[in-house]
Amino acid sequence: MIDWLRRFAVRSYRIGRFISYFIYELIASNVIVAWEIITPRSGLSPVIIAMPLRSRTKGERTLFVGVVTLTPGTLSLDLRDEPATLYLHGMHASDVHRFRRRLHYLEDLLLAAWRPVGSARQVGPAVPGAATPTAAGASGESGGLPPGPETPAASDGKPTDDRDSEEGSR
């Protein structure tokens, strides 16, 4: 009985954390888009990125695509299964790496809320700004989320993933 109560409390916390963050992002992006409409100058920094997903099932991917599309200023363009990659357009992405980190953080929160507590595939969300989430749980067991392939190098600020340079040349 206590194990069930603990799982319920953890799952409720994760769902609340995801909903709170999503509402924050929704309000912030609405304010940015509204400000763009009412001001005479343009603050647009459009970008199209290929975002490798940590989601493993089609249901998780579909849910994440829906969440991203609901946020003003972002639009899902294409979803590929092998490897799991989401192509999306962002209207206000002057810092592409920050934009991608925010999306990965949103995905991590969604996966933490969606997956059952204690699942071998469950890993908590990454800290915003961190390079990659850990793939091993507290007990050291693997089976969590794979690390994100795009991590900016600390020295030059350029991505280590070659797909970013390929996307820009298309």
Side-chain angles (χ1 to χ4, degrees), residues 13-33 35-36 43-57 60-81 83-115 121-138 142-170:
Y13 171 76
R14 290 177 179 172
I15 291 170
R17 190 170 170 190
F18 166 71
I19 290 172
S20 299
Y21 185 76
F22 178 69
I23 289 173
Y24 167 78
E25 283 291 318
L26 189 65
I27 292 171
S29 60
N30 272 298
V31 167
I32 291 169
V33 170
W35 184 255
E36 184 68 34
L44 295 179
S45 300
V47 67
I48 293 177
I49 64 168
M51 181 181 151
L53 297 178
R54 296 176 177 120
S55 304
R56 296 189 180 221
T57 67
E60 290 173 348
R61 291 180 197 136
T62 303
L63 189 59
F64 181 65
V65 167
V67 166
V68 167
T69 302
L70 284 174
T71 308
T74 58
L75 177 66
S76 302
L77 301 174
D78 189 23
L79 178 62
R80 303 278 169 92
D81 284 332
T85 306
L86 175 63
Y87 292 88
L88 57 97
H89 177 269
M91 275 181 32
H92 299 92
S94 57
D95 183 353
V96 177
H97 301 296
R98 181 173 175 261
F99 180 66
R100 186 172 284 153
R101 279 193 310 266
R102 284 181 34 231
L103 289 168
H104 275 302
Y105 184 67
L106 181 63
E107 181 186 23
D108 289 343
L109 288 175
L110 175 71
L111 293 177
W114 182 259
R115 293 177 179 169
R121 294 169 42 191
Q122 177 64 51
V123 172
V127 176
T132 59
T134 58
S142 187
L145 303 172
E150 81 307 324
T151 304
S155 60
D156 61 2
K158 294 182 181 173
T160 57
D161 188 334
D162 292 335
R163 284 180 279 190
D164 285 336
S165 60
E166 291 172 5
E167 290 300 313
S169 63
R170 290 185 189 170

Working for side-chain contact (heavy atoms from CB on, under 4.5 Å), residues Arg54 and Glu60: CA-CA 9 Å; Arg54 296 176 177 120; Glu60 290 173 348; over 6 Å; no
From CA spacing to verdict: side-chain contact (heavy atoms from CB on, under 4.5 Å), Leu88, Phe99: CA-CA 11 Å; Leu88 57 97; Phe99 180 66; 3.6 Å; yes
From CA spacing to verdict: side-chain contact (heavy atoms from CB on, under 4.5 Å), Phe64, Leu111: CA-CA 9 Å; Phe64 181 65; Leu111 293 177; over 6 Å; no
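Between the Ser94 side chain and the Ser45 main chain, no donor and acceptor come within less than 3.5 Å of each other. Of the possible polar contacts, one joining the Glu107 side chain to the Ser55 backbone as a donor-acceptor pair under 3.5 Å is found. For the pair Arg14 (side chain) and Leu109 (backbone), a donor-acceptor distance under 3.5 Å is absent.
Using a 4.5 Å cut-off on side-chain heavy atoms (C-beta onward), Trp35 and His92 make no contact. Counting heavy atoms from C-beta on, the side chains of Leu26 and Asn30 come closer than 4.5 Å.
Between Phe22 and Phe18, the angle of the ring planes stays under 30°, which puts this pair in the parallel group of the 30/60° scheme.
Judged as a side chain to side chain contact (heavy atoms under 4.5 Å, CB included), and not counting sequence neighbours, the contacts of Met91 are Val33, Leu44, His89.
Here the straight-line distance linking atom CZ of Arg115 with atom OG1 of Thr57 works out to 7.0 Å at 0.5 Å rounding. In this structure, CG on Leu63 lies 4.5 Å from CG on Leu110, to the nearest 0.5 angstrom. Note that the CG atom of Leu77 and the OH atom of Tyr87 stand 10.5 Å from one another [nearest 0.5 Å]. The structure places CZ of Arg80 at 8.0 Å from OG1 of Thr85, a figure rounded to the nearest 0.5 Å. Note that CD of Glu25 and CG of Leu103 are 8.0 Å apart. Values are rounded to the nearest 0.5 Å.
The two residues Ile49 and Arg100 come nearest to each other via the heavy atoms CB-NH2, 3.4 Å. Shown here for Pro52 and Ala50, the closest heavy-atom pair between the two residues is CD-O, 3.4 Å. A pairwise comparison of heavy atoms in Tyr105 and Arg17 identifies OH-NH2, 3.0 Å as the closest pair.
Within the structure, side chain to side chain donor-acceptor pair (under 3.5 Å) pairs that include any residue of residues 62-73 comprise Thr69-Ser76 (at least two apart or interchain).
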